[in-house]
Visitor: 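This structure is in structure tokens; I'll ask about it shortly.
Ligands are counted one by one from 1 in listed order, and the atoms in each one are counted from 1 as well.
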Amino acid sequence: MEKTLFLHDLEELDIQNKDVITLYNEISALAMKHAGNMDEFGGYKCAYYLSMEFLIGRSFYNNLMELGVLEETKKILALKGIDINVFEEIEDAALGNGGLGRLAACFLDSAAGLGLPLHGFGIRYKYGLFKQAVENGCQVELPDDWQRFGDPWSVRRDSEKRVIEYADMRVYAVPYDMPVFGEKTNRLRLYQAEGDAGAEKISEYLYPADDTDEGKILRLRQEYFFSAAAVADLVECYVKRHGKNFEKFPEYNVIQLNDTHPVIAVAEFIRLLTTEYRKKFTDALNIAKRTFAYTNHTILPEALECWKEEYVRKILPDIAEIMIKISVFASREYQSLGCTKEQALEMAIFKGGKFYMANLAVYVAKNVNGVAGLHTEILKNRLFATAHKTYPQKFMNKTNGVTHRRWLELCNKELAELIDKTIGNGWRKDISLLSNLNGFTENTVNGFIEVKKIKKRQLLKYIAEKEGMEIPENFLVFAQVKRLHEYKRQLMTAFAILELYYGIKSGKLSNLHPCVFIFGAKSAPSYKRAKTIIRFINAIADKINSDALTNGRLKVVFVRNYNVSYAEKIVAGADVSLQVSTAGLEASGTGNMKFMMNGAVTCGTMDGANIEIVERAGLENNYIFGATVEELANIKKAGYNPAVCVSDPAHKQAVETLTDGTFSDGGSGEFKELYECLLHGENPDGYFVLHDLGSYVQTLISICNDYVNNKKFAEKQLINVANSAYFSSDRTIKEYAEHIWKI
Ligand SMILES: *Cc1c(COP(=O)(O)O)cnc(C)c1O
């Protein structure tokens, strides 16, 4: 960065009569101009991250921070009469859904921060994840036209556009490169589809509705679109520098597949080598086996993609043939390595007229990793047990992380400065030094209490402005913010809140410390049950917030359009992080890490990275409850009957609000349906909400009681901060670099 030139130009910048969007574009353009070039692909060994999602959030503040000019920019703008916070009007680039997309963004940030060559490939969606409004308590989806603010951080590369061929159409993939600033400047390359109207549809929406054949095919087109463009870029780049002998390709390229969406890249790579470069199939396959690595993010079947043969044949006939051929090789190989026919069939890539993309990834990838200790064990012992038995050396764990630059330095400057004051600022470069915070003095605890107060005040002020709801500062803040999914059990929190509410009303909980529950969650547009849960939470919020008898003690707020920028405020201001998924179903979670880093204690189940959080910060400094994976297995074996749980009168009262007229669902019948699915049917309460509800309520009550001793509680929170270094994605990225990428 030509820092002095940038600051000089900024001082000279004429701001007369310019609106915020214009200023945003002009200041960003100045930073781009002086930032220096992005690194080239392929000069030496680089890792490439293929991901359907990059949930970047707002770039403006983060980029200025990474370039080392944020504070000076703030000062110069202030002299011109501009408060830098006005740029909060520029909305997030939400080219992702949730955890998986945010992880991709954190990884890019950490790699650049550490000076490691990691570049991203994805899609430049015209519309990102929908904007969420709430009407009558229900989610309404609005298009997210993020480009209306301009896109000053991207560089369009017309000269590098290429054609992507489908059997029925040809489409241009035009790269837009976004710099990722740090010790070095890496590149996030997002392709935009151009051509006729049909072509442009390919990069129009993130996850277009796929409940029709047409929708499914569009999704497949998207996956092939960016995977094929990325593979072609890398192969072309290699050929230019090293010629057409691909033996050394893996010495320069390692391609990380983020979940199953880009797995089709493997088949495209083999297609390219065997057709354009006339390599033998077995040679191409062997090079692929040394090049690709695969990260699994979930064991939920909905994310383990299967493609119907007829769809693939229709638009990508060559790719279908290649995947069938790989499947034959895989089956032979599994059997030659000691698997039975049945076992080989279990791991088959092509069977019953469908392609199993996870099986393709597991067979070809040189490494397969889960994203937290428990998750990786489940992959090894259950989901991919046969593959693990056959190729044990492939499997490894890489516990997720989050970048401490955005999730601590940027979103909680006050805490970062307190840490500087206590242990020096070396931790900002070498996050492992954060552990020096352990053994803190009373002074630091007092400092932390002050910081938490400030961040909570900022959060509550923001909520008051955005949601129109006042929350007093003395309230204990619980937060459950994440995508809405049954396995994440927002419904269990809703029932628990009702129990607290009725307890306060009846006088049983007359001494409960005042508290607020903050929810933030988007539901997938077609996920009906999740939408019902949003409606139920909003109905509960309306009732509780308008009850004069209790609302000095208990409040509930559902914040609209939860996104990265909202998350930055919530993780910094919250006291307690709610991470209450059904044990075994949350692969890792990363929200839990952001909260920990900002000193919220975890109230959660033994699931995902929660286990590793309490391993490091201590069980006694967090609040763990609920059935473990093993316990749930036993309960299932014995036959789970949720009706038994509802014999408890408090649970009964909470659950029956769904049907007894306490709340209205506007006549849709959805609350009754939710009730039925908890108590009746074939697999009632499949997520064990009612099983864990009792211990959840007790845990929430003890947190409120502990909070009364403010100092002791702050100590627990601070111990969480002090032991959060492990959850920086700097640590995660170093592990990928060392064990998988060898860069
Ligand atoms: C971190 C983050 C997530 C992931 O949260 P989990 O609790 O791990 O599911 C989702 N959405 C946004 C906006 C985030 O910042």
Visitor: Could you go through ligand 1 and list every pair where one of its N or O atoms sits under 3.5 Å from a protein N or O, giving the atom names and the distance to one decimal?
Guide:
{"residue": "ligand 1", "atom": "7 (O)", "partner": "Lys482", "partner atom": "NZ", "Å": "2.7"}
{"residue": "ligand 1", "atom": "8 (O)", "partner": "Thr590", "partner atom": "N", "Å": "2.8"}
{"residue": "ligand 1", "atom": "8 (O)", "partner": "Gly591", "partner atom": "N", "Å": "2.9"}
{"residue": "ligand 1", "atom": "9 (O)", "partner": "Lys488", "partner atom": "NZ", "Å": "2.8"}
{"residue": "ligand 1", "atom": "15 (O)", "partner": "Lys594", "partner atom": "NZ", "Å": "2.7"}

Visitor: In this structure, which one of Lys482, Arg489, Glu586 forms a side chain to side chain donor-acceptor pair (under 3.5 Å) with Gln579?
Guide: Lys482
Visitor: If the condition is side chain to side chain contact (heavy atoms under 4.5 Å, CB included), which residues does Lys555 pass it with, not counting sequence neighbours?
Guide: Met469, Ile471, Pro472, Phe475, Val516, Asn545, Asn551
Visitor: Does anything in residues 568-606 form a ring-ring contact (aromatic ring centres under 6.0 Å, His included)? List the pairs, not counting sequence neighbours.
Guide: none
Visitor: Is the distance between the ring centroids of Phe60 and Tyr24 less than 6.0 Å?
Guide: yes
Visitor: If only side-chain N and O atoms count, and only distance matters, is there a donor-acceptor pair under 3.5 Å linking Gln480 with Lys488?
Guide: no
Visitor: Return the set of residues passing salt bridge (Lys or Arg N to Asp or Glu O under 4.0 Å) with Glu377 (not counting sequence neighbours), or none when no residue passes.
Guide: Lys380
